[in-house]
Structures are given as C-alpha cells and as structure tokens.
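First comes the structure, then the notes that go with it.
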Amino acid sequence: MRVQSSATGPATIAVDTGTSQLAQASQEPSRATGTLLAALGVVAFSLTFPATAWGLEGFGPWSLVAVRSVLAALIAGACLLALRVPLPDRRHRAGLAVVAAGVVVGFPLLTTLALRTSTTAHAAVVVGLLPLTTALFSALRMGTRPSRTFWTAALAGAAAVIAFTVQQSGGALTTADLYLFAALLVCAAGYTEGGRLAGVMPGWQVIGWALVLCLPFTLPAAVVAWSYEPVHPTLHSVSGLLWVAAGSQFLGLVVWYRGMATIGIPKASQLQLAQPLLTLVWSVLLLGEHLTVAAPLTAAAVLVCIAVTQRARG
C-alpha cells in the first residue's frame with residue numbers, strides 16, 4: 001500500500017493489486033490447515049470405539065465413562081484457566097447444557113454400554129448415520145427446509161442401517177442396537193447445538209465449558225462407579241481410557257471445531273464420511289475383529305447417501 005498526496009485535496013491511498021493477491025494467497029494455507037485439522041478430528045473420532053473396547057478390558061462401563069469425562073474436564077479446565085477465558089454468557093448456558101448432555105455424557109455412556117455386547121465394526125456402521133441424524137436435527141433447529149432429494153437419501157441411509165442391524169442380530173434389534181440408536185439422537189442434538197454456539201464463541205470453548213459444566217456430576221459419579229465396579233488396569237485398558245479422555249473427548253473436538261470453522265460445515269462433513277470406514281479398519285488392526293461382507297457394504301451405502309444429502313444441501 002502506498003500514500004499519494006494531492007495539492008487540492010487530502011491524501012489518497014492507492015492499493016497495489018499485488019497486495020490483494022497476497023491477501024488471497026494468504027488464505028490458501030488457512031484453508032489447507034483447516035482441512036488438515038478437520039481430518040485429524042475425524043481420525044481421532046474413528047479411534048473412539050476401538051479405544052473404548054480396550055478400556056472395557058479393565059474398567060466397568062460406568063467407571064470408564066465417568067473417569068474419561070473427569071480427565072477431559074480437567075484438561076479443558078486447565079486450558080480455560082491458563083488462557084483466562086471468561087465465563088460464558090448466561091444466555092449460552094442452556095445450549096452448553098445440551099452439548100454436555102449429548103456429547104459429554106449421553107453419547108459416550110450409550111455407546112460404551114452398547115460395546116459390551118456389540119463389536120466395534122457393528123457399532124461403526126450404525127453410528128455412520130450420525131451425519132444424517134445431525135443434518136435432520138440441524139434442519140429442525142435452524143428452520144431450514146431440505147429438498148426432497150435430501151430426505152430421500154437420508155431415509156435410504158437409515159433403511160440401509162436398519163436392515164443391517166436386523167440382519168446381523170437375527171431378525172430383531174438387540175439391546176446394543178437400541179443403545180446405539182439412542183446415542184445417535186443425543187449426539188446429533190449435542191452436535192447441532194454445539195455448531196450453533198460455535199458461531200458465537202470459539203469451538204474449543206464450547207466443548208471445554210460443556211466438560212467443565214459436567215464436572216460437579218461426573219466427579220462424584222466416577223468415585224461411586226470406581227468403588228462398585230471391579231477395576232483391573234492393563235496397558236490396553238489404561239491406553240484406551242487416556243485416548244477417549246484426551247483424544248476423543250477433548251483434543252479431537254478441538255481440532256474438529258477449529259477445522260469446521262475454517263473450511264465450513266459442508267466441507268468438513270464431507271471429510272467425516274470416512275469415519276465409519278476408518279473405524280472398520282481400526283477394528284481389524286487393533287482388535288482383530290473379522291468383518292462380514294455386509295459391514296463395509298452398508299458403510300459404503302451410507303457414505304453414498306450422506307454424499308447425496310451434502311450435495312442436495314447445496
């Protein structure tokens with residue numbers, strides 16, 4: 001930028017065309033970084049079910065969920081204190097409560113209960129509906145009206161998963177399936193409200209305050225659960241606990257929200273299409289599970305349906 005003076009008027013500012021080009025070029029690394037951060041979030045989430053299965057080798061389901069929430073809350077609280085982040089406005093606290101109930105407590109607890117009897121591959125296919133469920137909640141919450149193509153693809157994806165679960169369980173839904181479907185609903189509500197709040201505060205603060213908000217409940221719950229459930233720590237179980245607490249519950253959501261804020265929700269959602277398939281890979285590599293042909297085929301069908309909904313949403 002250079003300043004030119006005029007004898008007949010005030011100084012005028014001339015902006016080089018190169019300056020605007022430089023500004024545009026500076027945005028490119030930001031988009032690339034945002035894509036990388038969102039992809040790292042997807043990888044972190046894809047490891048949640050295998051890590052939970054590891055954790056269940058040494059901890060009871062209630063202990064695992066409560067302790068992971070406490071550890072994640074301590075990490076989040078330390079970050080909020082270190083950066084001297086002020087308390088959220090009172091008007092945002094109801095939304096944070098929804099995020100806490102859905103993402104911090106509901107989804108981890110319900111999926112952990114399901115994984116006591118379900119394989120991670122089976123759970124990954126069912127939870128592959130999460131982007132569709134979140135889109136439905138978002139449409140209801142934000143008052144948007146998706147196209148018929150969107151609804152058709154969403155229903156097709158849901159039908160594929162229901163058919164898969166019924167076929168895998170011998171003609172009827174199991175208790176684990178009911179836990180997983182309930183987990184979809186509460187997590188979609190938490191994601192939707194968290195996405196809305198991320199528009200008025202940094203995304204990492206959304207999950208950070210949601211975790212801290214739960215601490216008065218999760219800390220006593222962890223003490224009670226620890227005293228009632230048998231605990232047999234092993235390398236696998238402790239590693240799984242640490243990952244779901246630090247990786248899935250906090251750091252994964254931090255990079256995911258940051259990436260989503262940088263590249264936008266539609267593009268970030270496209271990256272999340274790979275999450276169920278990644279979990280299938282981890283279930284084989286880390287847990288030694290044997291996949292049926294139906295699992296990857298159903299996951300691929302859901303992926304196609306989600307891709308159609310994303311295109312239908314514009």
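Two residues are said to be in side-chain contact when any heavy atoms from C-beta on lie closer than 4.5 Å; Gln275 and Val43 fail this criterion. In this structure the side chain of Leu211 never reaches within 4.5 angstrom of the side chain of Leu215, judged on heavy atoms. Phe45 places none of its side-chain heavy atoms less than 4.5 Å from the side chain of Thr279. Looking at Ser239 and Leu235, their side chains come closer than 4.5 Å, going by heavy atoms from C-beta outward. Here the side chains of Leu110 and Leu180 are not in contact, with every heavy-atom distance at 4.5 Å or above. A 4.5 Å side-chain heavy-atom check between His122 and Phe164 finds at least one atom pair inside the cut-off. Within the 4.5 Å cutoff, side-chain heavy atoms of Leu130 are placed close to those of Cys187.
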ask   = Stepwise, does the side chain to side chain contact (heavy atoms under 4.5 Å, CB included) test hold for Ile207 with Val103?
value = CA-CA 8 Å; Ile207 186 59; Val103 178; 4.2 Å; yes
Side chain to side chain contact (heavy atoms under 4.5 Å, CB included) between Val244 and Gln249, worked out = CA-CA 6 Å; Val244 293; Gln249 194 87 60; over 6 Å; no
message = Go through it in stages, so that I can follow the logic: the residues are Thr152 and Thr149, the test is side-chain hydrogen bond (donor to acceptor under 3.5 Å, both in side chains), and I'd like the CA-CA distance, side-chain angles, deciding distance and then a yes or no.
response = CA-CA 5 Å; Thr152 300; Thr149 301; over 6 Å; no
request  = Assess whether side chain to side chain contact (heavy atoms under 4.5 Å, CB included) is satisfied between Val161 and Phe181, documenting all intermediate values.
outcome  = CA-CA 10 Å; Val161 169; Phe181 283 121; 4.3 Å; yes
inquiry  = For Tyr179 and Ser118: C-alpha separation, side-chain torsions, deciding distance, then whether side chain to side chain contact (heavy atoms under 4.5 Å, CB included) applies.
reply    = CA-CA 10 Å; Tyr179 281 138; Ser118 172; over 6 Å; no
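Val98 and Phe137 are assigned to two separate hydrophobic clusters, defined by single-linkage of ILVMFWY side chains at heavy-atom distances under 4.5 Å. Hydrophobic clustering, with ILVMFWY side chains joined whenever heavy atoms are under 4.5 angstrom apart, keeps Leu219 apart from Leu109. Note on Leu71: it clusters hydrophobically with Trp226, by side-chain heavy-atom contacts below 4.5 Å among ILVMFWY residues.
Note that CZ of Arg68 is 11.5 Å distant from OG1 of Thr218, once rounded to the nearest 0.5 Å. The SG atom of Cys79 sits 8.0 Å away from atom CG of Leu251, with the distance rounded to the nearest 0.5 Å. Rounding to the nearest 0.5 Å places NE2 of His92 at 7.0 Å from CG of Leu197. The distance from atom CG of Leu278 to atom OG of Ser283, rounded to the nearest 0.5 Å, is 11.0 Å.
Using a 30° and 60° split on the angle between ring planes, Phe49 and Phe107 fall in the parallel class, below 30°.
Each of Val85, Val206, Asp89 was checked for a side-chain contact (heavy atoms from CB on, under 4.5 Å) with Met201, and the lone residue meeting it is Val206.
A donor-acceptor contact shorter than 3.5 Å links the side chain of Arg116 to the backbone of Leu113. Distance alone, capped at 3.5 Å, is enough to place a donor-acceptor pair between the Glu289 side chain and the Thr120 backbone. Judged by distance alone, the side chain of Arg93 and the main-chain N or O of Pro88 form a donor-acceptor pair under 3.5 Å.
Legend: residues meeting side-chain hydrogen bond (donor to acceptor under 3.5 Å, both in side chains) with Thr133, ordered by chain and number and at least two apart, are absent.
Across all non-hydrogen atoms, the minimal contact from Leu280 to Ala299 is CD1-CB, 4.1 Å. Heavy atoms only, all atoms of each residue included: Trp243 and Thr48 are closest at NE1-N, 4.4 Å. Listed here is the closest heavy atom pair of Cys214 and Val105: SG-CG2, 3.9 Å. Residues Gly41 and Trp256 come closest through the heavy atom pair CA-CB, 4.3 Å. What you find for Ala210 and Leu96 is that their closest heavy atoms are CB-O, 4.0 Å. Nearest heavy-atom pair, Ala44 versus Gly252, reported as atom, atom and distance to 0.1 Å: CB-CA, 3.9 Å.
Within the structure, every pair that satisfies the side-chain hydrogen bond (donor to acceptor under 3.5 Å, both in side chains) test and touches residues 195-206, not counting sequence neighbours, is listed here: Glu193-Arg196.
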Counting only pairs under 3.5 Å, give me each side-chain donor-acceptor contact of residues 53-66, with atom names and distances, residues two or more places apart or in other chains.
| unit_1 | atom_1 | unit_2 | atom_2 | d |
| --- | --- | --- | --- | --- |
| Glu57 | OE1 | His236 | ND1 | 3.4 |
| Ser63 | OG | Ala225 | O | 3.1 |
| Ser63 | OG | Glu229 | OE1 | 2.7 |

